S.K.: 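My structure is below; once you've seen it, I'll send some questions.
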Amino acid sequence: MAQNQWTKQTFTLNTGAKIPAVGLGTWQSQPNQVREAVKVALQKGYRHIDTALAYGNEHEVGQGIKDSGVPREEIWITTKLDNPWHKRVEEGINSSLKSLGVDYVDLYLMHWPSSTDPEDLKKHYPDWDFRDTWRELQKLPASGRVKNIGVSNFGIKNLEKLFASEDFKTTPAVNQIELHPNQPSPKLVDYCKEKGIHVTAYSCLGSTDSPLAKDKTLHSIAEKKGKSPQQVLLVWGLQRGTSVIPKSVTASRIEANFELDGWSLTDEEVKQLNSLPDRFKVCGDAWLPVKVFFGDDE
Ligand code: NAP
């Protein structure tokens, strides 16, 4: 059997574009750390960087890209429209492009299905929701500044609402959602696959202070394979057909998270990881002015 070469693999989106299977996450990567992290990652071979206007680090991410010496066209850049910018899609993308120092991004995501009022972050606009935002996002690829558009933190209920909207034309290329063995959401992953939407797994290691880092089943599988628990989590995500975007600002971890080629998990190991009983969610919706998770996609 041919051995997996995950770090060279891409997933083909419904637009025909190819998203590299492994990327570097940058949420909570401080501006003074992320420039170096991005450079280290690109020099290691990563070709996919995930950022967002809301992370406040697009400028330094852009600097790291330049420092790396890797040509822009070899890199997949994803960024996201922030919630209080839903009525300002043009301004949002222009701000991100300027901060990143690039003239296009490969993927532009609606970060959350919440059109938050910038005057009061506890309020949702009464006259605008994510369907209006999507109507505006659909216009962007024609401008060349955005190659693909997608969504993030969309469950089945909101995807159905989007598909049923009057102005709906373009199926999102990607839905970026929280996924790890303690939040596997198989129903939502299958639904997206059925609709031709590629899924990117965020918080794929369980995020900061991950409870998964202590999981006994994960540790025993990692030990048996001579891999780290984090490498096992990444390969678990990749074998499900999702791209993974582990975040680290530590050079040795950035490198280790990209050492995924030439081995795979057996069906039995996947089954064990799919059956972990614990559940936790890193990113809930309590901080938003609208509910976005309905508990039916798990
Ligand atoms: P994550 O990638 O699951 O985990 C990051 C944490 O794991 C950091 O504390 C990192 O520490 C640590 N870590 C990384 N590699 C490690 C290793 N090999 N061994 C031990 N610890 C390791 O968490 P995340 O940042 O929540 O998610 C990943 C990315 O997904 C984000 O950065 C962001 O780009 C994206 N995301 C998107 C959304 C959304 O709403 N769309 C939400 C959350 C995240 P150090 O950095 O200190 O090394």
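The figures here come from the full heavy-atom set of this structure, side chains too, leaving out hydrogens, waters and symmetry mates. We count ligands from 1, going down the list as the structure has it; atoms in each ligand are counted the same way. Remember, predicted model here, so these are calculated numbers, not experimental data.
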S.K.: Starting from atom 33 (C) of ligand 1, which protein heavy atom do you reach first, and at what distance in Å?
M.R.: Y55 OH, 3.4 Å
S.K.: Indicate, as side chain, backbone, both or neither, the part of A256 found under 4.0 angstrom from ligand 1 when only non-hydrogen atoms are considered.
M.R.: neither
S.K.: Quick one: is the NZ or CZ of K87 closer than 6.0 Å to the six-membered ring centre of Y125, and within 45° of its axis?
M.R.: yes
S.K.: Looking only at protein heavy atoms, which one is nearest to atom 43 (C) of ligand 1, and how far off is it?
M.R.: Y202 CD1, 3.2 Å
S.K.: Counting from 1, what ligand 1 atoms have a heavy atom of P246 closer than 4.0 Å?
M.R.: 2 (O)
S.K.: Taking only heavy atoms of C204 into account, list the atoms of ligand 1 that are under 4.0 Å away from them.
M.R.: 3 (O)
S.K.: Nearest protein heavy atom to atom 18 (N) of ligand 1, by residue and atom, and its distance?
M.R.: N257 OD1, 2.9 Å
S.K.: Is S228 close enough to touch ligand 1? Criterion: a residue heavy atom under 4.0 Å from a ligand atom.
M.R.: no
S.K.: For residues S29 and N57, is any side-chain donor paired with an opposing acceptor at under 3.5 Å?
M.R.: no
S.K.: Any salt bridge between K80 and D50, counting N to O under 4.0 Å?
M.R.: yes
S.K.: Considering non-hydrogen atoms of the protein only, which is the closest contact for atom 34 (O) of ligand 1, and what is the distance?
M.R.: D50 OD2, 2.6 Å
S.K.: At less than 4.0 angstrom from any non-hydrogen atom of Q176, what atoms of ligand 1 do you find?
M.R.: 35 (C), 36 (N), 37 (C), 38 (C), 39 (C), 41 (N)
S.K.: Under 6.0 Å from the six-membered ring centre of F11 and within 45° of its axis: does the NZ or CZ of K18 meet both?
M.R.: no
S.K.: If you draw the axis of the six-membered ring of F294, does the NZ or CZ of K291 fall within 45° of it and under 6.0 Å from the ring centre?
M.R.: yes
S.K.: How far apart are the closest heavy atoms of P113 and M110, and which atoms are they?
M.R.: CA-SD, 4.4 Å
S.K.: Tell me which one of R253, K80, Q28 gets a heavy atom nearest to atom 47 (O) of ligand 1.
M.R.: R253
S.K.: Between W112 and F293, what is the ring plane arrangement, given parallel below 30°, perpendicular above 60°, and tilted in between?
M.R.: perpendicular
S.K.: Should you measure from each heavy atom of S207, which atoms of ligand 1 turn up under 4.0 Å away?
M.R.: 1 (P), 3 (O), 4 (O), 6 (C), 23 (O), 24 (P), 26 (O)
S.K.: Does S248, backbone or side chain, put an N or O under 3.5 Å from an N or O of ligand 1?
M.R.: yes
S.K.: In ligand 1, which numbered atoms sit nearer than 4.0 Å to a non-hydrogen atom of W27?
M.R.: 25 (O), 26 (O), 31 (C), 32 (O), 33 (C), 34 (O), 43 (C), 44 (C)
S.K.: Ignoring hydrogens and angles, tell me if any N or O in the side chain of Q239 forms a donor-acceptor pair with the backbone of L265 under 3.5 Å.
M.R.: yes
S.K.: Is the contact between T26 and ligand 1 made by the side chain, the backbone, both, or neither, using heavy atoms and a 4.0 Å cut-off?
M.R.: backbone
S.K.: Closer than 3.5 angstrom, by distance alone: can the side chain of S99 be matched with the main-chain N or O of E58 as a donor-acceptor pair?
M.R.: no
S.K.: Evaluate the side-chain proximity of Y202 to N153: yes if any heavy-atom separation is below 4.5 Å, no if none is.
M.R.: yes
S.K.: Within 45° of the axis and under 6.0 Å from the centre of the six-membered ring of F258, does NZ or CZ of K44 qualify?
M.R.: no
S.K.: Identify, by atom number and element, the atoms of ligand 1 in contact range of V249, meaning under 4.0 Å from any of its heavy atoms.
M.R.: 45 (P), 46 (O), 48 (O)
S.K.: Please state which protein non-hydrogen atom is closest to atom 27 (O) of ligand 1 and give its distance, to 0.1 Å?
M.R.: S203 N, 3.0 Å
S.K.: Who's the nearest protein heavy-atom neighbour of atom 28 (C) of ligand 1, and how far?
M.R.: I245 O, 3.1 Å
S.K.: Provide the number and element of each atom of ligand 1 under 4.0 Å from a heavy atom of H111.
M.R.: 39 (C), 40 (O), 41 (N)
S.K.: Within less than 4.0 angstrom of ligand 1, does V282 place any heavy atom?
M.R.: no
S.K.: For W128, is the NZ or CZ atom of R88 found under 6.0 angstrom from the centre of its six-membered ring and inside 45 degrees of the ring axis?
M.R.: no
S.K.: Measure the distance from atom 5 (C) of ligand 1 to every protein heavy atom, then report the residue, atom name and distance (to 0.1 Å) of the closest one.
M.R.: K247 O, 3.3 Å
S.K.: Which protein heavy atom lies closest to atom 17 (C) of ligand 1, and at what distance to 0.1 Å?
M.R.: Q230 CG, 3.4 Å
S.K.: Students often mix this up, so state it plainly: with edges at 30° and 60°, are the rings of H111 and Y55 parallel, tilted or perpendicular?
M.R.: perpendicular
S.K.: Which atoms of ligand 1 sit under 4.0 Å from any heavy atom of N153?
M.R.: 39 (C), 40 (O), 41 (N)
